[in-house]
Amino acid sequence: MSQSNIHAKIRSNPKFAELVGKRTRFAIVLSLIVLVPYYSYMLLVSLQPQLFAGKIADGSVITIGWPIAALLVVGGWLLTGVYVSRANGEFDRLTEEVLKEARK
């Protein structure tokens with residue numbers, strides 16, 4: 001079977017369209033969940049720094065901004081793990097089904 005024939009079978013498979021749609025929507029949602037808070041934080045830090053300048057406790061040197069920034073970073077890592085988990089599960093399963101059907 002020729003390479004172009006396999007590509008045509010893959011592109012015409014409804015499961016391929018489902019895979020592309022699900023993966024794209026999931027990536028966009030996760031990107032927004034990470035980027036909107038991150039850029040909101042950066043915007044607020046630059047325009048309203050006093051919001052994050054307060055100390056977390058009396059006598060502390062740590063401001064409120066540090067734990068929030070750490071939460072944003074850790075949240076990004078966790079959401080990367082969520083994406084990898086779904087990619088290695090549902091998305092890989094759909095990919096295998098599409099490839100198996102294209103080889104028939």
Side-chain angles (χ1 to χ4, degrees):
M1 188 177 295
S2 73
Q3 195 75 3
S4 62
N5 191 19
I6 291 174
H7 289 163
K9 279 183 148 185
I10 289 172
R11 284 194 181 100
S12 65
N13 190 326
K15 288 182 183 177
F16 178 71
E18 176 188 356
L19 170 66
V20 170
K22 281 184 175 182
R23 192 179 59 199
T24 301
R25 282 188 302 278
F26 191 58
I28 289 171
V29 167
L30 287 182
S31 295
L32 289 173
I33 290 172
V34 170
L35 294 174
V36 168
Y38 175 79
Y39 283 105
S40 298
Y41 177 80
M42 290 296 127
L43 186 66
L44 285 171
V45 165
S46 64
L47 298 176
Q48 298 290 323
Q50 69 277 8
L51 291 175
F52 301 105
K55 306 293 185 201
I56 62 170
D58 289 335
S60 175
V61 295
I62 300 174
T63 63
I64 294 170
W66 279 94
I68 294 172
L71 183 65
L72 289 172
V73 170
V74 171
W77 292 341
L78 291 175
L79 288 175
T80 299
V82 169
Y83 180 82
V84 168
S85 175
R86 188 163 177 197
N88 289 339
E90 178 184 1
F91 298 154
D92 280 356
R93 187 180 66 255
L94 276 170
T95 300
E96 285 300 318
E97 290 174 14
V98 169
L99 291 175
K100 184 192 292 186
E101 291 176 12
R103 291 182 189 123
K104 289 181 183 180

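Because the structure is predicted, anything quoted here is derived from the model rather than measured. As a basis for the values below, the full set of heavy atoms in this structure was taken, side chains included, without hydrogen atoms, waters or symmetry mates. Along the sequence shown, the residues carry numbers beginning at 1.
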Please answer: with hydrophobic residues joined when any side-chain heavy atoms are less than 4.5 Å apart, are Ile6 and Leu19 in the same cluster?
no

Return the CG to CZ distance between Asp92 and Arg86, rounded to the nearest 0.5 Å.
12.5 Å

Please report the closest heavy-atom contact between Thr63 and Ala53, naming both atoms and the distance.
CG2-O, 3.6 Å

State yes or no: do Val34 and Leu78 share one hydrophobic cluster built from I, L, V, M, F, W and Y residues joined by side-chain heavy-atom distances below 4.5 Å, directly or via other members?
no

In one Ile/Leu/Val/Met/Phe/Trp/Tyr side-chain cluster, 4.5 Å: Val73, Leu71:
no

So CH2 of Trp66 and NZ of Lys55: to nearest 0.5 Å the spacing works out to 11.5 Å

If you count the non-hydrogen atoms of other residues, nucleotides and ligands that lie under 6.0 Å from CZ in Phe52, is the total more than 12?
yes

How close do Tyr41 and Ala69 get, heavy atom to heavy atom, and via which atoms?
OH-CB, 3.5 Å

Answer yes or no: is there a donor N or O on one side and an acceptor on the other, between the side chain of Ser85 and the main chain of Gly81, under 3.5 Å?
no

Give the C-alpha distance, both sets of side-chain angles, the deciding distance and a yes or no for side-chain contact (heavy atoms from CB on, under 4.5 Å) between Tyr39 and Leu43.
CA-CA 6 Å; Tyr39 283 105; Leu43 186 66; over 6 Å; no

Check the pair Glu97 / Phe16 against side-chain contact (heavy atoms from CB on, under 4.5 Å), numbers first and verdict last.
CA-CA 9 Å; Glu97 290 174 14; Phe16 178 71; over 6 Å; no

With a 4.5 Å cut-off on side-chain heavy atoms, are Ser40 and Val36 touching?
yes

Please tell me whether Phe26 and Val29 are part of a single hydrophobic cluster in this structure, the criterion being side-chain heavy atoms less than 4.5 Å apart.
yes

Are Phe91 and Leu30 joined in one hydrophobic group, where the rule is that I, L, V, M, F, W and Y side chains link up if heavy atoms are under 4.5 Å apart?
yes

Gap between atom NZ of Lys22 and atom CG of Leu94 - 0.5 Å precision
5.5 Å

For a side chain to side chain contact (heavy atoms under 4.5 Å, CB included) with Val98, tell me which candidate from Arg11, Lys9, Lys15 qualifies.
Lys15

CD1 of Ile10 to OG1 of Thr95: how many Å apart, nearest 0.5 Å?
9.5 Å

